[in-house]
Amino acid sequence: MRVVIAGGHGQIALRLERLLAARGDQAVGIIRKPEQAADLRDSSAEPVVLDLETAELDAVTEVLQGADAAVFAAGAGPGSGSARKDTVDRGAAVLFAEAAQRAGVRRHLQVSGMGLDRADDPDMDEVFSNYLKAKAAAEDDLRTRDLDWTILRPGRLTDEPGTGQVHLAESVDYGTVTRDDVAAVLVALLDEPRTVHHTLELVEGHTPIDEALERI
């Protein structure tokens with residue numbers, strides 16, 4: 001399986017690339033900075049330097065040609081302002097989905113976030129509110145597309161070692177989840193057609209990942 005990952009140098013993406021390589025798949029990571037390429041090669045992934053904030057649709061489509069699946073795991077990241085929340089968390093996601101559709105890559109995973117309905121909370125920080133709105137808009141766009149999409153909404157991310165035990169459902173109480181386990185769930189989702197057209201929330205739990213997917 002050839003899997004193209006947007007946000008290929010992200011902490012979840014690097015873990016995902018290693019997991020894909022371990023099972024014999026080919027990961028292609030889209031990155032913004034040439035100096036990030038070595039980290040992808042260390043993860044047995046093929047780096048492609050392309051800035052999804054400024055790239056043309058044709059360029060993104062070309063990267064996706066021949067892929068079996070696409071994973072959007074990009075984000076503007078902490079410290080970025082409202083403008084980049086829109087251009088990355090919404091705009092790049094929409095561009096990536098459009099390119100996948102044009103390239104005929106049907107399987108599409110999008111990493112989103114929990115609590116998107118809190119965006120209009122008057123006590124919410126403005127930048128974080130705009131981040132939630134951007135993620136929600138990206139989700140709304142993906143749901144309109146003729147793709148075999150699955151949206152994954154992890155809880156608060158941690159760097160603790162993964163346990164392989166999760167709580168995965170259409171709605172779960174807010175909690176934490178390791179980046180290791182998010183990456184492992186993404187790999188499992190690639191092979192699970194029953195999750196197509198589902199929006200799933202993910203936190204740590206007591207159910208093995210394969211069993212959690214069987215319950216969807």
Side-chain angles (χ1 to χ4, degrees), residues 1-77 80 83-112 134-135 137-152 179 182-183 185-193 195-196:
M1 180 179 285
R2 178 179 172 88
V3 183
V4 177
I5 305 165
H9 193 257
Q11 296 184 65
I12 290 172
L14 289 169
R15 289 166 167 83
L16 174 59
E17 289 154 7
R18 290 191 288 268
L19 291 176
L20 289 170
R23 70 176 205 167
D25 294 324
Q26 180 184 14
V28 178
I30 297 176
I31 55 177
R32 286 195 308 122
K33 301 175 181 178
E35 58 266 31
Q36 296 170 335
D39 290 336
L40 269 71
R41 294 190 183 98
D42 288 344
S43 298
S44 300
E46 174 190 336
V48 173
V49 180
L50 186 66
D51 188 344
L52 292 177
E53 286 185 88
T54 58
E56 297 292 335
L57 176 60
D58 286 348
V60 186
T61 302
E62 183 177 351
V63 176
L64 283 156
Q65 291 288 352
D68 300 291
V71 180
F72 186 83
S80 57
R84 293 202 68 228
K85 302 304 184 191
D86 183 69
T87 56
V88 179
D89 293 281
R90 183 202 58 80
V94 170
L95 174 67
F96 191 63
E98 176 68 20
Q101 200 167 345
R102 181 180 285 198
V105 183
R106 293 206 56 84
R107 191 65 175 119
H108 196 98
L109 306 183
Q110 185 160 293
V111 180
S112 187
K135 286 293 189 188
E139 287 190 4
D140 289 344
D141 173 83
L142 185 58
R143 292 189 186 100
T144 70
R145 295 186 178 277
D146 182 22
L147 293 168
D148 295 335
W149 56 262
T150 302
I151 295 168
L152 184 64
R179 289 179 171 88
V182 175
V185 168
L186 288 170
V187 171
L189 286 172
L190 288 170
D191 299 325
E192 187 44 81
T195 65
V196 169

Residues that A13 engages under side-chain contact (heavy atoms from CB on, under 4.5 Å), provided they are two or more places apart: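 By the side-chain contact (heavy atoms from CB on, under 4.5 Å) rule, A13 matches I5, E17.
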Listed partners of V182 passing side-chain contact (heavy atoms from CB on, under 4.5 Å), at least two apart: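 By the side-chain contact (heavy atoms from CB on, under 4.5 Å) rule, V182 matches I12, L152, P154, L157, V177, L186, L202.
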Residue of the set L20, V3, V48 for which side-chain contact (heavy atoms from CB on, under 4.5 Å) holds with V28: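 Considering L20, V3, V48, a side-chain contact (heavy atoms from CB on, under 4.5 Å) with V28 is found only for V48.
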Donor-acceptor contact present, side-chain [X] to main-chain [Y], <3.5 Å:
{"X": "R15", "Y": "Q11", "result": "yes"}
{"X": "T150", "Y": "T195", "result": "yes"}
{"X": "R107", "Y": "L189", "result": "yes"}
{"X": "D89", "Y": "K135", "result": "no"}

Considering all heavy atoms of both residues, which atom of [X] and which atom of [Y] are nearest to each other, and what is their separation?
{"X": "Q65", "Y": "R2", "answer": "O-NE, 4.4 Å"}
{"X": "Q101", "Y": "L147", "answer": "CA-CD2, 3.9 Å"}
{"X": "R102", "Y": "T61", "answer": "CD-OG1, 3.6 Å"}
{"X": "A69", "Y": "L190", "answer": "CB-CD2, 3.6 Å"}
{"X": "A55", "Y": "V60", "answer": "CB-CG2, 3.9 Å"}
{"X": "A21", "Y": "S43", "answer": "CB-O, 4.1 Å"}

R106/D146 salt bridge by N-O under 4.0 Å criterion: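 A salt bridge links D146 with R106.
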pair [X]-[Y]: side-chain heavy atoms closer than 4.5 Å:
{"X": "R32", "Y": "H9", "value": "no"}
{"X": "L95", "Y": "E53", "value": "no"}
{"X": "R90", "Y": "D141", "value": "no"}
{"X": "V88", "Y": "L52", "value": "no"}
{"X": "V4", "Y": "V71", "value": "no"}

Trace of the salt bridge (charged side-chain N to carboxylate O under 4.0 Å, His left out) decision for K33 with D51: CA-CA 8 Å; K33 301 175 181 178; D51 188 344; over 6 Å; no
Name of the residue among F72, W149, F96 meeting ring pair (Phe, Tyr, Trp, His ring centres under 6.0 Å) with H108: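 Only match with H108 under ring pair (Phe, Tyr, Trp, His ring centres under 6.0 Å): F96.
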Atom pair CG/CG of D148 and L109 - distance to nearest 0.5 Å: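 Spacing of CG (D148) from CG (L109) equals 10.5 Å.
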L14 side, atom CG; R179 side, atom CZ - distance, nearest 0.5 Å: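 With rounding to 0.5 Å, CG (L14) is 11.0 Å from CZ (R179).
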Whether over 12 other heavy atoms sit under 6.0 Å from E62 CD: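 Incorrect, the count does not exceed 12.
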